[in-house]
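Computed from heavy atoms alone, side chains included, the values below leave out hydrogens, waters and symmetry copies. Labels below follow one simple rule: chain letters A, B, ... track the order of the sequence lines, proteins then strands, and each chain is numbered from 1.
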Number of protein chains: 2
Amino acid sequence: MATSTDLRVSWSAVPARFRARGLRWTPQRRAVVEVLSETDGHITGAELVERCRARDAQTIPSTVYRTLDVLEELGLVRHGHGADGREEYHVGAGPEHGHLYCATCGGSWEISDAAAERIVATLAETDGFEVDLSHVTVVGRCRACDAGA
Amino acid sequence: MATSTDLRVSWSAVPARFRARGLRWTPQRRAVVEVLSETDGHITGAELVERCRARDAQTIPSTVYRTLDVLEELGLVRHGHGADGREEYHVGAGPEHGHLYCATCGGSWEISDAAAERIVATLAETDGFEVDLSHVTVVGRCRACDAGA
DNA sequence: GCCGCTACTGCAATATCTTGCAATAACATC
DNA sequence: GATGTTATTGCAAGATATTGCAGTAGCGGC
């Protein structure tokens, strides 16, 4: 699977990328990166802390959050806010996409490319606004919950 | 101004509405309601706490947040999340609207009715998703910042 | 006014996330 | 390996927001 391969190669290069930037490679950062390399899609800051603690109970939350900040500067994760306002990190450097969140069932999905394009175009046209999709979470009700109403 | 009049009438009726629901009318709730009655548009939970503390330094944050929860149940405020994920309350019972937030200058605006309609229609069509506009904050870059780039 | 019921508050604890500071450790150089 | 520089960590404090519990107070009824 090309996607998995691509991500795997990317994570193994992380130590070198850190050093190239004059940043240090530490055991704590390694742990965060290992958890992320096993993570698909999205993860909340709090969940990442939990996962790291599962590996090493001495994990300090502030260190994890700081590592996430650095990884975001390197473009390896991208932060946004979930429907409840909490930090949510999109793992990997895939194309920007927004999310739909159903307040009824709690499910979430990526906004389809077609819809995203239309939304972006609409706001550019009506408001001259350039949308940052990675920070867009649209709350509402999904088809299934609508049907069940 | 019709809008101010309308809001003013609404706030003065709040104590009665509370009682009609079997809820108590307390000095703390009065303080919150007074601050809200002087508030136009939106306010964060934290700022409301600050405003109440300006009136009475003994104000307890948890009481303020709980009052906001009750007011939301009564439909007098509506909560959403700002671009940074924090709680933001829309004051008054006006029509649902979403927001645009410029990450560059920090400015925010309501999404125009025309754009909102298009976005809602798009997501209904492509994903069968029913949007809850009050919970939509689109992050990006405004026209002015785009022009200045 | 008094009494009783119970909604509500303050307090304390907690979760999530941020940040300053002093000590530690990564790592380049010799 | 030793040394020096400084990025990074752990700790403590802080901001925002939530929640359980015991004591308080709003308020209806008498």
Original post:
What is the nucleic acid contact for B:Pro15, judged by heavy atoms within less than 4.0 Å: base, sugar-phosphate only, or nothing?
Top reply: nothing
**OP:** Could you check B:Gly85 against B:Pro27 and say which one's nearest nucleotide on DNA chain D is further toward the 5' end?
**Re:** B:Gly85
Original post:
Quick one: do the B:His99 and B:His42 side chains pair a donor with an acceptor below 3.5 Å?
Top reply: yes
**OP:** Would you indicate which nucleotide in D:dT16, D:dA7, C:dC27 comes nearest to any side-chain atom of A:Trp25?
**Re:** C:dC27
Original post:
Between C:dC17 atom P and A:Glu47 atom CD, what is the distance in whole Å?
Top reply: 11 Å
**OP:** Rounded to the nearest angstrom, tell me the gap between atom CZ in A:Arg86 and atom C1' in C:dT18.
**Re:** 16 Å
Subject >> Partners meeting ring pair (Phe, Tyr, Trp, His ring centres under 6.0 Å) with A:Tyr89 (sequence neighbours left out) >> reply: none
Write out a two-atom table: protein N or O, nucleotide N or O from nucleotides 9-12 of chain D, distance below 3.5 Å.
| from | atom 1 | to | atom 2 | distance (Å) |
| --- | --- | --- | --- | --- |
| D:dT9 | OP1 | A:Thr26 | OG1 | 3.0 |
| D:dT9 | O3' | A:Gln28 | NE2 | 3.3 |
| D:dG10 | OP1 | A:Gln28 | NE2 | 3.3 |
| D:dG10 | OP2 | A:Thr63 | OG1 | 2.5 |
| D:dG10 | O6 | A:Arg66 | NH1 | 2.9 |
| D:dC11 | N4 | A:Ser62 | OG | 3.4 |

Subject >> Rounded distance in Å - CG (B:Asp69) to C1' (D:dT18) >> reply: 9 Å
Subject >> Atom pair distance, as rounded to whole Å: CZ in A:Arg30 and P in D:dA7 >> reply: 21 Å
Original post:
Looking only at heavy atoms, which two atoms of A:Arg17 and A:Leu76 are closest? And how far apart?
Top reply: NH1-CD2, 3.6 Å
**OP:** Report which part of the nucleic acid B:Arg24 touches: base, sugar-phosphate, or nothing (heavy-atom distance under 4.0 Å, all strands).
**Re:** base
Original post:
Rounded to whole angstroms, how far apart are CG on B:Leu48 and P on D:dA15?
Top reply: 17 Å
Original post:
Could you give all pairs that pass the salt bridge (Lys or Arg N to Asp or Glu O under 4.0 Å) test and reach residues 107-124 of chain A, with sequence neighbours left out?
Top reply: A:Arg118-B:Glu125
Subject >> Atom-to-atom span, NE2 of A:His79 to C1' of C:dT18 - whole angstrom >> reply: 13 Å
**OP:** Share the residues that join B:Val120 in a hydrophobic cluster, the rule being Ile, Leu, Val, Met, Phe, Trp or Tyr side chains under 4.5 Å apart at the heavy-atom level.
**Re:** A:Leu100, A:Trp109, A:Ile111, A:Ile119, A:Val120, A:Leu123, A:Phe129, A:Val131, A:Leu133, A:Val136, A:Val138, B:Leu100, B:Trp109, B:Ile111, B:Ile119, B:Leu123, B:Phe129, B:Val131, B:Leu133, B:Val136, B:Val138
Original post:
Got a sec, which hydrophobics cluster with B:Val139, joining ILVMFWY side chains under 4.5 Å apart, including via others?
Top reply: B:Tyr101
**OP:** Scan A:Gly22 against the nucleic acid and name what it touches under 4.0 Å (heavy atoms): base, sugar-phosphate only, or nothing.
**Re:** sugar-phosphate
Return a table of donor-acceptor pairs under 3.5 angstrom between the side chains of residues 48-60 of chain B and protein atoms on other chains or two or more places apart.
| from | atom 1 | to | atom 2 | distance (Å) |
| --- | --- | --- | --- | --- |
| B:Arg51 | NH1 | B:Thr39 | OG1 | 3.2 |
| B:Arg51 | NH2 | B:Glu47 | OE2 | 3.3 |
| B:Arg53 | NH1 | B:Thr59 | O | 3.2 |
| B:Arg55 | NH1 | B:Glu34 | OE1 | 2.7 |
| B:Arg55 | NH2 | B:Glu38 | OE2 | 3.1 |
| B:Asp56 | OD1 | B:Gln58 | N | 2.9 |
| B:Thr59 | OG1 | B:Cys52 | O | 3.2 |
| B:Thr59 | OG1 | B:Asp56 | O | 2.7 |

Original post:
In whole angstrom, what separates B:Asp84's CG from D:dA15's P?
Top reply: 16 Å
Original post:
Does the side chain of A:Tyr65 get closer than 4.0 angstrom to OP1 or OP2 of C:dC17 through an N or O atom?
Top reply: yes
Subject >> Distance, rounded to the nearest Å, where B:Phe18 contributes CZ and D:dC27 contributes C1' >> reply: 15 Å
